[in-house]
2 protein chains.
Amino acid sequence: MAATARRAGLNRTKVLRAALELADREGVERLSMRRLGTELGVEAMTLYHYVPNKGALLDGLVELVVAAVRPGPPAGADDPVDDPTADDPAHWPARLRAFAVAFRTELLRHPGVIPLVATRPVGSPDALRAVEETAAALGRAGLPPLLALRIVNAVATFVIGHCLAEAATTPGHPEEPAPAPDLTGFPTLAAAVADGLGTPADHQARFDLALDALITGLAATPR
Amino acid sequence: MAATARRAGLNRTKVLRAALELADREGVERLSMRRLGTELGVEAMTLYHYVPNKGALLDGLVELVVAAVRPGPPAGADDPVDDPTADDPAHWPARLRAFAVAFRTELLRHPGVIPLVATRPVGSPDALRAVEETAAALGRAGLPPLLALRIVNAVATFVIGHCLAEAATTPGHPEEPAPAPDLTGFPTLAAAVADGLGTPADHQARFDLALDALITGLAATPR
DNA sequence: CGCTCTTTCTTACAGTGTAAGAGTGCCGTC
DNA sequence: GACGGCACTCTTACACTGTAAGAAAGAGCG
C-alpha cells in the first residue's frame, strides 16, 4: 500500500557477499535474515528469491571462503615463473604444505565462518576441483587414489581443527576477554603460558610444528 | 494458579545429563530449554535455577564429554597391571596416541556435541588436569613445557578436526542422506570413492594413518 | 502458627526462520 | 497504445526461541 519497493539489483553472489561481510563484522550468530535484509536495503523475505533457506545461505558462505583458497607456489621455489616443482611429482609434500598454509590463511580471514566450514560438508565444484587437483598430484607421484585422498583429507581436517582452536581462543572483537582460568596446580601449563602459549606467535609456531610433523610423517608412509 | 508444581529433585548434573541425552538423541539444534524442560517434567524457566543461561548449559555438555575421556594403557602393553611404559618417559608417543584414541572414541559417542567441543574453549578443571598430566609426561622425557603443550595441543586439535569431519559426513539419524555429489570430471576422487573412501572403515584407517604420521613426526622434532 | 529460603510456574517480550499471498513495476507481444 | 506475464518486493502471520520479572507453592525452622 505505502512505500514503493524499487528493485534493488540483487543476485545470489551479492547476497552471499553481504552475508559474509556481515558475519565477519558481527559474527555468524548475529547473521539473521532480517539483519541481512536491512543491510541490503530490502525486506527479509526478499532474500528467499536468491537462496532457498538459511542453511543454503550458510553453505554459500562456506563456498565463498573455500573458493578463495589460492595456494601459492611451494616455499623454496626461487623462480615462480619457471617453477620446477610444479611438475615434479616428488615434491607433493611441498605442494600439500602450500595448500595447508593457504587454507589456514583464508580461514583466519573469516574467523566467524570457520565453525561453518568445519560443520557443513563441502560439495561445491570449486572445492571438489581443488581436492581433485591436489590428490591427482599425489597420484602422479605413484600413490594410489584412496591413499592420496586420505592424505589430502587428513591435512584439510588438521587445518580446520587447528584454525577452529586458534579462532576460538582469539576472541576477535566482540565479547569480554574470557577470564583466564586459574593455573595453580598445573605447573607445566603455567610454565608454558608464561613462555607464550596462546599468543599469536605461538599459534603460528604450533601450526608449523604440527604441519611439518604431519607431512613428513605422511611422506614416510609405506605405500 | 492451577496445578501444584511438586519438587522435581533436580540438580545441575541431572540437568546436564538429560541435556546430553537429548542432544545425542535428537541433535543439538533440537535442544531447547523448553524441550529439555518437558523432558525433565518441568517448565523451561525452572532450568535457570541450575544453569545461568543456555551457553553455560552447552559448556556443561562439553565438560561432561571431555571428562569422560579415559585413556587406556598404550597399545602394546602386555601386562596392564604392571605396565612398564606407564613410568618410562621415553614412551610418551604411545601415551599421546592412547589419549588421541580415547578422545576420538568419546567424541564419536556424542556426534552432535562435537561442534560444541570444537567451538567452546574448555577451561574446566577436569580438562586442564588431563592436559597437564599428558604434558607433564612429555616434560619428564625432557621436552620443555611450551613444546610439550604445543604437541598435546596439536594432537587434540587434530582429533577434533578429524571427528568433526567424520561426524559431519556420517549423518547419523536425522536428515536425508545428502545426495552424493556428481564426481564425473574428478577421476582420482571417483576412484577413491569406489575404493571405499568415506566408509566407516575408511574413517578409521584415515585416523590411524594421520595420527601415526603426526606422532612419529612430532617424536622426531628437534628439541 | 509465621518467616524465610528454595524451587517451581506464569506471563511477557523481543527476536528467529519462513509459509502464503498481495502488490508493484518491467518487458515483450499484440 | 493496451495487455498479459514475469520477476521482484513487501506484508502479514505463525510457531518457535532465550530469558527477564515476579507470583505462588512447598520445606525447614523458630
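Here is the naming used below: chain letters follow the sequence lines, and residue numbers restart at 1 for every chain.
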Checklist entry - Does a side-chain N-to-carboxylate-O contact under 4.0 Å join A/Arg109 and A/Glu106? => result yes
Next on the checklist: What is the distance, to the nearest angstrom, from the CE atom on A/Met45 to the P atom on C/dT24?
Outcome noted: 19 Å
Item to check | Whole angstrom value for the distance that separates P of C/dT16 from CG of A/Leu57 | outcome: 14 Å
Next on the checklist: Whole angstroms only, please: what is the CG-P distance between A/Asn53 and C/dG17?
Outcome noted: 11 Å
Checklist entry - Taking only N and O in the side chain of A/Thr46, is any of them less than 4.0 Å away from OP1 or OP2 of D/dC10? => result yes
Next on the checklist: Strictly below 4.0 Å: does B/Tyr50 bring a side-chain N or O up to OP1 or OP2 of C/dT8?
Outcome noted: yes
Checklist entry - Pick the nucleotide of DNA chain D nearest each of A/Ala44 and A/Arg34; which residue has the one closer to the 5' end? => result A/Ala44
Next on the checklist: What is the distance, to the nearest angstrom, from the CD atom on B/Glu29 to the C1' atom on C/dT16?
Outcome noted: 15 Å
Item to check | A/Lys54 NZ to C/dG17 C1', straight-line distance once rounded to whole Å | outcome: 8 Å
Next on the checklist: Tell me whether the rings of A/His162 and A/His203 are parallel (<30°), tilted (30 to 60°) or perpendicular (>60°).
Outcome noted: perpendicular
Checklist entry - Which part of the nucleic acid, if any, lies within contact of A/Arg30, taking any heavy atom under 4.0 Å across all strands shown: a base, the sugar-phosphate backbone alone, or nothing? => result nothing
Checklist entry - Would you call B/Arg25 and B/Glu21 a salt bridge, using N to O less than 4.0 angstrom? => result yes
Item to check | Distance, rounded to the nearest Å, where B/His49 contributes NE2 and D/dG18 contributes C1' | outcome: 16 Å
Item to check | Cation-aromatic face contact B/Arg129/A/Phe186, 6.0 Å, 45 degrees | outcome: no
Next on the checklist: In this structure, how many angstroms lie between the P atom of C/dG15 and the CG atom of A/Leu31, rounded?
Outcome noted: 16 Å
Checklist entry - Which whole-number value in Å describes the distance from A/Glu43 CD to C/dA19 C1'? => result 16 Å
